[in-house]
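On a predicted model such as this, the values are computed, not experimentally measured, just so you know.
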Protein chains: 2
Amino acid sequence: MEQAGICQISTVEAVMNVIGGKWTFPILCNLLRGDSRFTEIQHHLDGISPKMLSRRLLELTENGIITRNVIPELPPRVEYRLTAKGKDLRPLFQAIGTWGTTWNITETSTAQ
Amino acid sequence: MEQAGICQISTVEAVMNVIGGKWTFPILCNLLRGDSRFTEIQHHLDGISPKMLSRRLLELTENGIITRNVIPELPPRVEYRLTAKGKDLRPLFQAIGTWGTTWNITETSTAQ
DNA sequence: CAGCATCCGGAACGATACTG
DNA sequence: CAGTATCGTTCCGGATGCTG
């Protein structure tokens with residue numbers, strides 16, 4: 001049962017440091033689905049504060065997962081789009097979705 | 001709302017509530033590689049405290065991802081093994097590993 | 001060996017108000 | 001519209017010590 005190559009602990013830890021925030025996955029979900037604007041994303045994520053959304057978007061930008069395009073018009077318009085690196089996350093989300101659906105993970109299972 | 005099936009936000013959030021802890025992924029990595037004993041896992045994860053390992057293992061047990069087998073001998077021996085549900089996480093870890101390797105995610109990229 | 005109890009710090013998160 | 005500023009809170013995780 002030894003297949004060390006399948007999951008390097010250091011890699012998994014590093015990846016989680018990049019996309020492991022509470023809202024990061026939901027945000028990326030939206031972007032994968034085609035959303036791009038700040039308010040659009042905010043509206044689809046019930047409960048997120050503008051502060052956290054802003055922070056996570058900045059973080060994702062710094063990590064090269066999304067790009068931030070400011071379109072100079074009135075009212076101001078900013079579009080966030082996935083880079084190739086970001087789009088490459090799709091299989092990961094599919095895996096999450098498949099697992100969650102297969103095992104019917106729907107509630108915030110309480111532990112601890 | 002195109003390709004909504006690929007990543008349901010609620011599903012992703014729920015899944016992350018189950019396996020989104022700081023140490024959960026590294027722990028599962030170990031179990032996928034074949035480790036099973038408390039100390040064994042602890043030794044492979046540099047820096048984890050027994051408290052957190054214990055807490056995460058309990059959580060994973062409660063969520064049906066691993067089983068806890070107490071073997072009554074001296075010294076006491078406890079084995080943690082993945083359930084079918086847990087083993088089914090393998091594709092998810094492969095996706096993480098693939099993405100992390102492809103884009104060379106190695107450091108704890110600091111943002112914020 | 002395999003944990004649990006307790007205390008504690010700091011990061012992450014949340015709510016609200018305000019701005020270019 | 002797309003954020004920033006400020007404040008307050010929660011909770012994860014670290015350190016240590018003790019038990020069967």
Side-chain angles (χ1 to χ4, degrees), chain A residues 9 12-28 30-31 35-63 66-81 108-112, chain B residues 9 12-14 16-28 30-31 35-63 66-81 107-112:
Chain A
I9 294 177
V12 169
E13 283 182 324
V15 169
M16 279 320 181
N17 277 329
V18 173
I19 56 173
K22 175 184 177 182
W23 291 104
T24 312
F25 274 84
I27 290 170
L28 288 170
N30 269 286
L31 292 166
D35 286 359
S36 62
R37 301 189 60 182
F38 191 93
T39 321
E40 198 176 15
I41 299 169
Q42 188 179 24
H43 222 251
H44 281 23
L45 302 177
D46 198 35
I48 193 172
S49 65
K51 184 184 78 169
M52 294 318 293
L53 180 53
S54 176
R55 192 180 285 189
R56 291 285 92 89
L57 287 171
L58 175 63
E59 192 179 286
L60 289 169
T61 305
E62 288 175 345
N63 286 325
I66 62 177
T67 56
R68 182 177 184 272
N69 276 11
V70 183
I71 301 167
E73 62 178 28
L74 243 45
R77 180 187 183 87
V78 181
E79 289 191 343
Y80 295 93
R81 301 224 175 267
T108 54
S109 70
T110 65
Q112 156 180 337
Chain B
I9 294 179
V12 170
E13 282 180 325
M16 282 335 240
N17 277 329
V18 174
I19 56 173
K22 175 183 175 182
W23 290 105
T24 311
F25 273 84
I27 289 169
L28 289 169
N30 268 288
L31 291 165
D35 286 359
S36 63
R37 303 189 59 185
F38 191 91
T39 320
E40 198 176 15
I41 300 170
Q42 187 179 25
H43 222 250
H44 281 27
L45 302 177
D46 197 34
I48 193 172
S49 65
K51 184 186 79 169
M52 293 318 295
L53 180 53
S54 176
R55 192 181 286 187
R56 291 286 94 88
L57 287 171
L58 174 63
E59 193 179 286
L60 288 169
T61 305
E62 287 175 347
N63 286 325
I66 61 176
T67 55
R68 182 176 185 274
N69 275 13
V70 183
I71 301 166
E73 59 179 30
L74 244 43
R77 179 187 182 89
V78 182
E79 288 191 342
Y80 296 93
R81 302 224 175 264
E107 302 199 357
T108 55
S109 71
T110 64
Q112 157 181 332

Under the side chain to side chain contact (heavy atoms under 4.5 Å, CB included) criterion, do I19(B) and N63(B) qualify, and how do the steps go? CA-CA 9 Å; I19(B) 56 173; N63(B) 286 325; over 6 Å; no
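- Not a single donor-acceptor pair under 3.5 Å links the side chain of E59(B) to the backbone N or O of R55(B).
- Both E40(A) and K22(B) sit near DNA chain D, but only E40(A) has its closest nucleotide nearer the 5' end.
- To the nearest 0.5 Å, atoms CD (E13(B)) and CH2 (W23(A)) are separated by 5.5 Å.
- A straight line from CG of L45(A) to P of dA15(C) spans 14 Å, rounded to a whole angstrom.
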Protein-proximity profile, nucleotides 3-8 of chain D, B/S/- by nucleotide at the 4.0 Å heavy-atom cutoff, equals BB-BB-
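- Taking the side chain to side chain donor-acceptor pair (under 3.5 Å) definition, one finds that D35(A) meets it with H44(A), sequence neighbours left out.
- Between the P atom of dT16(C) and the CD atom of Q42(A) lies a distance of 13 Å, rounded to the nearest Å.
- Residue I27(B) holds its CD1 atom at 8.0 Å from CD1 of I66(B), rounded to the nearest 0.5 Å.
- Two residues, P76(A) and I48(A), neighbour DNA chain C, and the one matched to the more 5' nucleotide by heavy-atom proximity is I48(A).
- Of the side-chain N and O atoms in S49(B), none sit less than 4.0 angstrom from OP1 or OP2 of dG13(D).
- Within the structure, every side-chain polar atom (N or O) of W23(B) is placed at least 4.0 Å from both OP1 and OP2 of dC12(D).
- At whole-Å resolution of the value, CD in E73(A) and P in dC1(D) are 12 Å apart.
- Proximity note for R37(A) (side chain, C-beta onward) versus dC1(C), dG14(C), dC1(D): the nearest is dC1(D).
- The phosphate of dC12(D) (OP1 or OP2) has no side-chain N or O of R56(B) nearer than 4.0 angstrom.
- Distance check, rounded to the nearest 0.5 Å: CG of L31(A) to OG of S36(A) gives 8.0 Å.
- Between H43(A) atom NE2 and dA2(D) atom C1' the separation is 14 Å, expressed in whole Å.
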